[in-house]
Amino acid sequence: MLELIMLGSGSDGNACVVKNAETMILIDAGFSGTEIRKRMQSVGLEPDDLEACLITHEHGDHIKGASILSRRHKVPLLMHPATKRAGHRKFNGSERIRHFEMKEVMKLGSLQVTSVPTLHDSASSTGFLIESGGVSLGYLTDLGTVTEDNFLMLRKVDFLVMEANHDRDMLWNGPYPPHLKARVDSRVGHLSNHDSAEFIALLAELGQLKGVMLAHLSEKNNDPDLALSVVRDRQVHDLEIFLAQQNQPSKPIIVEKK
Ligand SMILES: [Zn+2]
Ligand SMILES: [Zn+2]
């Protein structure tokens, strides 16, 4: 069994709890330490109980509260060495930091976590594959393109947290300056609803995927109902589709063997 609670997701901050009966981890700490604690406590969880916090990359919306979380609650931060180097200004040396390599398989308590390299304009960027008791969960945000490697590593997941960042028409007709539009739309930017829908459909066709949570939706360049309908309309198979919100935690989602 795996349980997932998205504490919040979007360009103003990202943090996601993943747990089984024994072990709880956090993916990203992109809110203030106080906000992370508040959101965890609102769903009955305590940051002191975290086994570790995995960091996808050094952008502020993923790392903002990492240092204080580690210092205040003695939570080890796990990241790629390039993330540590690029984000060094956000650390003061008294955090507990451990490194992983790309595709490294890590044992965190009773969870098994594998880092999944992603294409994004940061020093290093990674998604994760999390496995426990025969079920698995993929976590993939902040990527401009889905690679064949991403597919191969995540093709057997039961549940997927997947970026659906923008609608391309809304992006190009929207308020961003041209260079930022080009950045978001590039192969190392963020994933559109359409590309997200394609990848989800590809995995669903293999028969293992049972549900997805769409994450990191842009407030300016996307609309939750639109993201949902683009992804839903592309599916041939029955899938449970959830939407991550920026301002409040999701309900707990249980991923079980069926
Ligand atoms: Zn981000
Ligand atoms: Zn990013």
Side-chain angles (χ1 to χ4, degrees), residues 4-18 26-33 35-36 39 53-67 69 77-91 100 102 115-128 138-147 150 160-168 170-171 174-177 179-193 195-196 199 212-224 227 242-250:
L4 154 91
I5 300 162
M6 180 62 82
L7 296 180
S9 181
S11 49
D12 287 338
N14 294 271
C16 182
V17 171
V18 179
L26 192 66
I27 300 178
D28 283 334
F31 300 100
S32 72
E35 186 65 20
I36 291 171
R39 292 193 187 205
C53 175
L54 298 159
I55 305 290
T56 57
H57 64 300
E58 79 276 9
H59 289 162
D61 56 322
H62 299 262
I63 208 174
K64 183 180 177 185
S67 173
L69 182 79
L77 304 175
L78 272 65
M79 66 189 77
H80 190 274
T83 304
K84 162 93 182 297
R85 277 196 299 277
H88 68 276
R89 278 193 200 85
K90 293 166 180 129
F91 305 117
F100 58 74
M102 283 303 172
S115 59
V116 178
T118 49
L119 282 177
H120 189 53
D121 56 359
S122 52
S124 164
S125 181
T126 178
F128 295 104
Y139 192 95
L140 216 48
T141 70
D142 295 68
L143 67 169
T145 315
V146 186
T147 63
N150 295 156
L160 181 66
V161 177
M162 184 76 192
E163 169 162 61
N165 178 260
H166 59 274
D167 172 75
R168 285 192 76 211
M170 284 181 74
L171 172 69
Y176 279 15
H179 74 276
L180 199 52
K181 291 178 180 177
R183 194 224 127 194
V184 170
D185 198 23
S186 79
R187 62 189 291 277
V188 291
H190 287 279
L191 212 63
S192 70
N193 294 337
D195 289 347
S196 186
F199 184 63
V212 294
M213 176 179 281
L214 306 181
H216 216 300
L217 272 71
S218 167
E219 277 179 32
K220 294 201 168 70
N221 306 314
N222 209 348
D223 173 83
F242 302 90
L243 271 178
Q245 295 190 52
Q246 180 72 86
N247 296 322
Q248 61 179 30
S250 71

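First listed ligand is number 1; within each ligand, the first listed atom is number 1. Residue indices begin at 1 and follow the sequence shown.
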query: T118 side chain to S125 main-chain N or O, any donor-acceptor pair under 3.5 Å?
result: yes

task: Tell me the protein N, O or S atoms under 2.8 Å from the Zn ion (ligand 1), in chain and number order.
output: D61 OD2, H62 NE2, D142 OD2, H216 NE2

Set of residues satisfying side chain to side chain contact (heavy atoms under 4.5 Å, CB included) with respect to S186, sequence neighbours excluded: V188

query: If you round to the nearest 0.5 Å, how far is CD1 of I63 from CG of L69?
result: 11.5 Å

query: Which residues pass the side chain to side chain donor-acceptor pair (under 3.5 Å) test with D121, sequence neighbours left out?
result: R183

query: Is a side-chain N or O of T126 found less than 3.5 angstrom from the main chain of V116, in a donor-acceptor match?
result: yes

message: According to side chain to side chain donor-acceptor pair (under 3.5 Å), who are the partners of T83, at least two apart in sequence or on a separate chain?
response: none

